[in-house]
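Worksheet: one structure, shown below.
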Number of protein chains: 2
Amino acid sequence: MAKRVGVKEVAEHAGVSWKTVSNVMNNRPVVRPETRARVLQAVEELGYTPNLIGRQLRQGSTRTIALVVPDLRNPYFARLAQTLQEAARPRGYTVSIELSGGGIEAEQHYLHGRHGRLFDGLIFSPSAVTIDAMARRTDPTPLVLLGERVATARIPHVAIDNVASSVDLVRHLIDGGRRHIGFLGAEAVGGTSTGSQRFEGYRAALRFAGLPLSADLVAAADSWQREDGYRLAQQVLRSSPEVDALVCANDLLAVGALSAARDLGRTVPDDLALVGWDDIDEVRYAMPPLTSVAPDLDALAEAALSAVLGEREEGQVVIDHRVVVRESSRPVRAPGS
Amino acid sequence: MAKRVGVKEVAEHAGVSWKTVSNVMNNRPVVRPETRARVLQAVEELGYTPNLIGRQLRQGSTRTIALVVPDLRNPYFARLAQTLQEAARPRGYTVSIELSGGGIEAEQHYLHGRHGRLFDGLIFSPSAVTIDAMARRTDPTPLVLLGERVATARIPHVAIDNVASSVDLVRHLIDGGRRHIGFLGAEAVGGTSTGSQRFEGYRAALRFAGLPLSADLVAAADSWQREDGYRLAQQVLRSSPEVDALVCANDLLAVGALSAARDLGRTVPDDLALVGWDDIDEVRYAMPPLTSVAPDLDALAEAALSAVLGEREEGQVVIDHRVVVRESSRPVRAPGS
DNA sequence: CTGAAAGCGCTTACAG
DNA sequence: CTGAAAGCGCTTACAG
């Protein structure tokens, strides 16, 4: 393993000063082309690669944004991470994927700057941490929230309109002839979390349509994995066989619900419609393919990035979504047709 | 945004020297308990968090390992990343997830140290880069390869036995009564890549069983996404309707193949068995659930980490695998039963 | 356009 | 057990 070569060696090799090398490496236009060429050759010959740590220390910036998500088991986060990385590149930034495990301790770690100035900003998908804890934050690292909204503190926030998208889904189901619509993955009404907003929209749409809200058709959950969807769907389908549609708070829940429906002998979409959020690749290959709310991920990444980098004024950004209709929510046939 | 407080401020506040603060922060046993308490209190009061960049520069180490994978669309990589992060934590290391996009340029970037000393080691899942390029490497950053094997250079390497696991799968299919077994995702025979090794095992098993190897039943591919599986399966099933099983080089291909089979009116597992690799969560919820080779991920993470940190002698580690049998490869019923 | 000096925030020997 | 100095590898003003 060869000894690492630094700016000094390069400067010596090229017969210029330290600083000139730095100027060349940073593409500053103040270097004579001739000198520049000599330096670049020295860099090449010596195989010099600048030590970013030195630069970062000096500049007081890492040009790295942390994306803090609970988990990578949800393909949505994986795709989000990838989209963010691509959006950050042209800006000269890197996105580091940080896993909180959904634990409150890990989340506080990032929120309160115990990451040690490694990041110029935080794009944060909160899971366990309370709104208060976010509002009480003193760490100066810029923060942007995904999904969750903290109205009290002026924390920027980027998300689709969860209430509206939920209304869209329910209306789509009602238009398709469904009347006994359940909800999987509910959280407390009035909360600001993604789950409670989606549930809120569901309630509002039912009310508007004049359909009753039945507690039996609603299953709460804080974890939204496939197995949770399976469990919750079993529960609802068993207790309320009249259910003819399930709004699932995310696609993983819907995938689990699909499996439960099958095990209980229910046919999707004939007996039961299934819809969810995120439009992960997997739902296109489910049988049948599942209807899902697709956020405009590129817009989301763009907005989150520009917010965390301080490029935009107001902090609350609503991202477009669309309902991607697939077979799982096909309208029920009129009886006898 | 408050001004950031450094060691100096803490030292002053506690009435001790700079260095003592450093000693306390690093848990060195040379500090009197009383002094230590005073320092910790100052840290608390001032809300001091050490700047890791300074430490990293001084120590010449970041205690960060890069996991370089082509993509996060494959849930296998997402789970691997998570497992590695958890395995690294007790060692005091962090794993940074780096996306190469499968591009040769990005891969070279990491391989040849142009990442700027940000990483103490590289766990690398090669995709586009050639074996030669890896062997010619001069960058001193420790490297461990995942999947691919470079025999010429002494590059450590961690993987399951791809040939053996492929043999296991094919034997399982033959035991289940399948006789016309195809392969999706083949690569050049004799290569060291994951795909070619899995194909190699398939060939060997067929030969051992006395079954013919038919080129029509084999579809090559360099991309292993669901849509590739769909396309390849369509192709093989159309040209060779006698196929009664497909060995898919990974689970995503199998998921796509399942969808293609359905669209062509083939029933899995009655008409067609489907098997793959990685045992991603998704295949447990497929309909029917898919048989898959599950690597011992914890062992893999452990081995990769200890190899890249230089904790073990020999570089080539073979990780246990097991075939998780599910409905997709159920034995065909004897005719008439 | 180029050079000599200072400093980013830590830790590491080295004295005491 | 504690203190003063040097240095990790860069970049940033500041002169010339």
Side-chain angles (χ1 to χ4, degrees), chain A residues 3-40 42-43 46-64 92 113-120 140-141, chain B residues 3-40 42-43 46-64 92 113-120 140-141:
Chain A
K3 163 132 183 28
R4 313 211 99 141
V5 17
V7 241
K8 284 172 271 192
E9 283 82 357
V10 176
E12 200 175 322
H13 195 87
V16 299
S17 98
W18 235 32
K19 153 71 179 173
T20 307
V21 176
S22 169
N23 275 335
V24 171
M25 293 311 287
N26 291 284
N27 276 317
R28 244 162 274 195
V30 290
V31 185
R32 228 181 325 182
E34 180 192 315
T35 315
R36 171 188 206 76
R38 224 171 47 239
V39 171
L40 286 178
V43 166
L46 268 44
Y48 168 70
T49 58
N51 182 327
L52 258 37
I53 306 282
R55 176 183 300 177
Q56 290 177 354
L57 179 58
R58 181 64 245 237
Q59 293 186 154
S61 146
T62 58
R63 298 191 79 80
T64 299
R114 288 198 287 276
H115 49 74
R117 319 264 186 293
L118 248 31
F119 310 116
D120 290 359
T141 311
Chain B
K3 163 125 184 28
R4 312 213 98 140
V5 16
V7 241
K8 282 172 272 191
E9 283 82 357
V10 175
E12 200 174 323
H13 194 88
V16 300
S17 97
W18 235 31
K19 152 69 180 173
T20 307
V21 176
S22 169
N23 275 336
V24 171
M25 294 310 288
N26 292 285
N27 276 316
R28 244 162 274 194
V30 290
V31 185
R32 227 183 323 183
E34 179 193 316
T35 316
R36 168 187 210 78
R38 225 170 48 240
V39 170
L40 286 177
V43 165
L46 267 45
Y48 168 69
T49 57
N51 182 326
L52 259 38
I53 306 283
R55 176 183 301 177
Q56 289 176 355
L57 179 58
R58 180 64 243 239
Q59 294 187 153
S61 145
T62 58
R63 297 191 81 77
T64 300
R114 289 196 289 275
H115 49 75
R117 320 262 186 293
L118 249 30
F119 310 117
D120 290 357
T141 311

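Treat the numbers as computed from the prediction; the structure is a model and nothing was measured. Labels below follow one simple rule: chain letters A, B, ... track the order of the sequence lines, proteins then strands, and each chain is numbered from 1. Computed from heavy atoms alone, side chains included, the values below leave out hydrogens, waters and symmetry copies.
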What is the separation between atom [atom1] on [X] and atom [atom2] on [N], rounded to the nearest whole Å?
X	N	atom1	atom2	value
B:Arg38	D:dT2	CZ	C1'	11 Å
B:Ile53	D:dG7	CD1	P	22 Å
A:Leu57	D:dG7	CG	C1'	12 Å
B:Asp120	D:dC8	CG	P	18 Å

Indicate for each nucleotide in nucleotides 10-16 of chain C, in 5' to 3' sequence, whether protein heavy atoms under 4.0 Å reach the base (B), only the sugar-phosphate (S), or nothing (-). BBB----
Are a donor atom and an acceptor atom from the side chains of A:Thr49 and B:Arg117 found within less than 3.5 Å of each other?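 Side-chain D/A pair, A:Thr49 to B:Arg117: present.
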With both distances under 3.5 angstrom, what nucleotide forms a Watson-Crick or G-U wobble pair with C:dA4?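 Check on C:dA4: unpaired, no WC or wobble geometry under 3.5 Å.
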Side-chain heavy-atom pair B:Leu118, A:Ile53 within 4.5 angstrom cut-off: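 Side-chain contact under 4.5 Å: yes.
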Please tell me if the side chains of A:His115 and A:Thr141 come closer than 4.5 Å, counting only heavy atoms from C-beta onward. yes
Rounded to the nearest 0.5 Å, how far apart are CZ of B:Phe119 and CG of A:Leu52?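 If I round to the nearest 0.5 Å, the distance is 9.0 Å.
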Quick one: closest heavy-atom pair of A:Ser61 and A:Asp120, and the distance?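 Heavy atoms only, the tightest pair is OG-OD2, 2.8 Å.
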Has the side chain of B:Thr62 got a donor or acceptor atom that lies under 3.5 Å from a matching backbone atom of B:Gln56? no
